[in-house]
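From a predicted model like this one, the values you see are computed outputs, not experimental measurements.
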Number of protein chains: 2
Amino acid sequence: MRSQGNEGGLAQAVVRRLNLLRPLSESAVAALERAISEGLFRAGPGEDLVAEGDPIDSVRVVLSGWLFRHKTLEDGRRQIVNFILPGETCDAHAYLLPAIDHSISTATSVAYAEIKRPHFETLMASERTLAEAFMCETVLNNAIQREWTINLGRRAALEKVAHLFCEIYERLRPVGHADGNSCSFPVTQMDLADATGLSVVHLNRTVQELRAAGLIILRERTLTIPDLDALKSAALFSPGYLQLYRQSKGPSPQ
Amino acid sequence: MRSQGNEGGLAQAVVRRLNLLRPLSESAVAALERAISEGLFRAGPGEDLVAEGDPIDSVRVVLSGWLFRHKTLEDGRRQIVNFILPGETCDAHAYLLPAIDHSISTATSVAYAEIKRPHFETLMASERTLAEAFMCETVLNNAIQREWTINLGRRAALEKVAHLFCEIYERLRPVGHADGNSCSFPVTQMDLADATGLSVVHLNRTVQELRAAGLIILRERTLTIPDLDALKSAALFSPGYLQLYRQSKGPSPQ
DNA sequence: CGGGTCTTTGACATTCCTCAACTCACGTGG
DNA sequence: CCACGTGAGTTGAGGAATGTCAAAGACCCG
């Protein structure tokens, strides 16, 4: 199910992504890979890794699999506020807060590395490029969260869903998790509804509308985008906010 | 209109706020106040300070007045993604991005300090507590943005508006910008609509509903909340995400 | 006094939600 | 091998929340 190799292979998405955010020195890569290999963990699908209100004392880096951040209102209404994709970090600087404001759960089975706060801080102090890369990631998260804000506030249902597909695809691609015009999309329609602020029923109809328009093919947990420009256009997708990846245009990784 | 004093008075909100995020050393406060006094600027209401796509080469700290961050879709639909209140920063670390993903405009006349990137980085390197405080601010911004995400995605109109009122009030209070159960609220209903993702007409009706329920008094750019708990309850407001201010429970400022 | 912006109101249209049921695939235990 | 249960996806019908259009007040300022 999960394409996994040795530890170096597992860390690949992380290194590749951070490297796009900020070029890493060789020693930074080595130190990061060592830290990752020392704190490997796995979790099954549907597990709650972090609950709202928890104090955070470590940094988690996702090696493979999907997670999502979510918040729930008293009466049960739930909002997925973001996904965490392979190579991404469960908030590098969240430990600065006395407690976390949201929950994190796994969507699929997941492999991740956990770096304890003291170790992480030592790492940041000794590897300047690594510290900058993680800073960039936090700033980028902020930009993504703003885009979600306008997505939920001002886009129509069809645009919301199309936009989410565009964003996920564009986030997966630079770390090598897109295959041509397809990518993994291991999320139920209920989760999609909670991510777009729609009801499950309306989300289902919206997805069907996108299918009927030939904009997406979504089946067996795989998303295929026959015409990315068309989908972006339907979504009013403008990739500026993901621009930290801009440098990826140059030397194609691998 | 604006209660303003000397420069030390102007910097007060900034120092107070950062100090709540992370206790500042005396030398940090002194260095910060010096940096602020060296780069004072003013802007009138309705000015665009930063446009989407601009490269950022300085950090701006708001001494008085309101600004807001916003993004606009191709067809003109606009979303205010956050407000920037006195004492807050226009993204301490935004210069890490090649270009900014959103625009920043003034809602009122504004006094702010601009610290050039090299100066700011020197400051961060020499004053550890200051660097940590600004880091906290960035992380807190992230948490606030997530709360806006659920606000727009899952709350009903009345709850959205009530929630915004609660949040703004709770953000103004710790820096001394609330007066009893009132605070300044210098924002048009059009802006409020764009912040809550509603149409102006529906926003207007929602505000009137809140008025009729006795939950708010809003006139002459001033918001009064007769019963904060009642408003919070109507908003399903849970202050956890603003928790960095938790320490403010101790020594009440001023 | 006139023009602008902001707020308010009414009537109507539309999007999206809710409820309820049915299908389909899959796995489990009898 | 089949009955059953469960979770996900789908469909229909009706209703509630919110948007759009249009116009009228309210207020401010030159």
Side-chain angles (χ1 to χ4, degrees), chain A residues 1 44-47 66 73 75-80 105-108 150-164 185-212 216-223 234, chain B residues 1 44-47 66 68 73 75-80 105-109 151-164 185-212 216-223 234 236:
Chain A
M1 167 172 276
E47 287 185 27
W66 286 35
L73 297 180
D75 63 0
R77 278 174 285 175
R78 184 183 73 148
Q79 177 71 42
I80 290 181
S105 305
T106 61
T108 66
I150 184 171
N151 201 36
L152 290 167
R154 283 305 185 205
R155 267 185 263 256
L158 189 107
E159 297 163 345
K160 289 183 193 186
V161 180
H163 189 277
L164 181 61
F185 207 92
V187 164
T188 67
Q189 293 198 355
M190 213 186 89
D191 293 335
L192 267 180
D194 282 342
T196 50
L198 302 170
S199 69
V200 190
V201 172
H202 197 65
L203 174 101
N204 177 273
R205 293 185 169 124
T206 305
V207 167
Q208 288 179 55
E209 208 179 326
L210 284 168
R211 281 184 183 133
I216 61 159
I217 302 163
L218 179 61
R219 59 158 193 260
E220 288 165 9
R221 316 274 103 143
T222 298
L223 169 69
Chain B
M1 166 169 273
E47 286 185 27
W66 286 35
F68 55 89
L73 297 179
D75 62 2
R77 278 174 285 175
R78 185 182 73 147
Q79 178 70 43
I80 291 181
S105 304
T106 61
T108 67
S109 60
N151 201 36
L152 290 167
R154 283 304 185 205
R155 268 185 262 256
L158 190 107
E159 297 162 345
K160 289 183 193 184
V161 180
H163 189 277
L164 181 60
F185 208 92
V187 165
T188 67
Q189 293 199 357
M190 212 186 90
D191 293 335
L192 267 180
D194 282 342
T196 49
L198 302 170
S199 69
V200 190
V201 172
H202 197 65
L203 175 102
N204 177 270
R205 293 188 168 124
T206 305
V207 167
Q208 289 178 55
E209 208 179 326
L210 283 167
R211 282 184 183 132
I216 61 160
I217 302 164
L218 180 61
R219 58 158 193 260
E220 289 164 9
R221 316 275 101 144
T222 298
L223 170 68
L236 283 80

So does [Y] get a backbone contact from the side chain of [X], meaning a donor-acceptor N/O pair under 3.5 Å?
X	Y	value
A:R221	A:T188	no
A:R154	B:Q79	no
B:T106	B:G46	yes
B:R155	B:L236	yes

Could you give the [atom1]-to-[atom2] distance, from [X] to [N], as a whole number of Å?
X	N	atom1	atom2	result
B:R78	D:dG19	CZ	P	15 Å
B:R219	D:dC27	CZ	C1'	16 Å
A:L152	C:dT15	CG	P	19 Å
B:H202	D:dC21	NE2	P	17 Å
B:L218	C:dT7	CG	C1'	11 Å
B:L192	C:dT8	CG	P	11 Å
A:L210	D:dT10	CG	P	12 Å
B:E209	D:dA16	CD	P	15 Å

Practice task
With heavy atoms under 4.0 Å as the rule, sort B:G197 into base, sugar-phosphate or nothing.
Solution key: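 It contacts sugar-phosphate atoms only.
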Exercise for the section: Pick base, sugar-phosphate or nothing for A:R211, based on heavy-atom distances below 4.0 Å to the nucleic acid. Expected result: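 Sugar-phosphate: the residue A:R211, judged by heavy atoms under 4.0 Å, touches backbone atoms but no base.
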Exercise for the section: Measure the CZ-CG distance between A:R205 and A:L158 for me, rounded to the nearest 0.5 Å. Expected result: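 So the CZ of A:R205 and the CG of A:L158 are separated by 14.5 Å.
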Establish, with yes or no, whether the OP1 or OP2 oxygen of [N] is under 4.0 angstrom from a side-chain nitrogen or oxygen of [X].
X	N	answer
A:Q189	D:dT10	yes
A:Q208	D:dG9	no
B:N204	C:dT7	no

Handout entry: First encountered from the 5' end of DNA chain D, between A:R154 and A:V201
Key =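 First, find each residue's nearest nucleotide; the 5'-ward one identifies A:V201.
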Handout entry: Minimum-distance nucleotide to A:L198 side chain [options: D:dT18, C:dT7, C:dC16]
Key =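 Closest nucleotide among those given: C:dC16.
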Handout entry: Closest-nucleotide 5' rank along DNA chain C - winner of A:R205 and B:T188
Key =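 Nearest-nucleotide comparison on DNA chain C picks B:T188.
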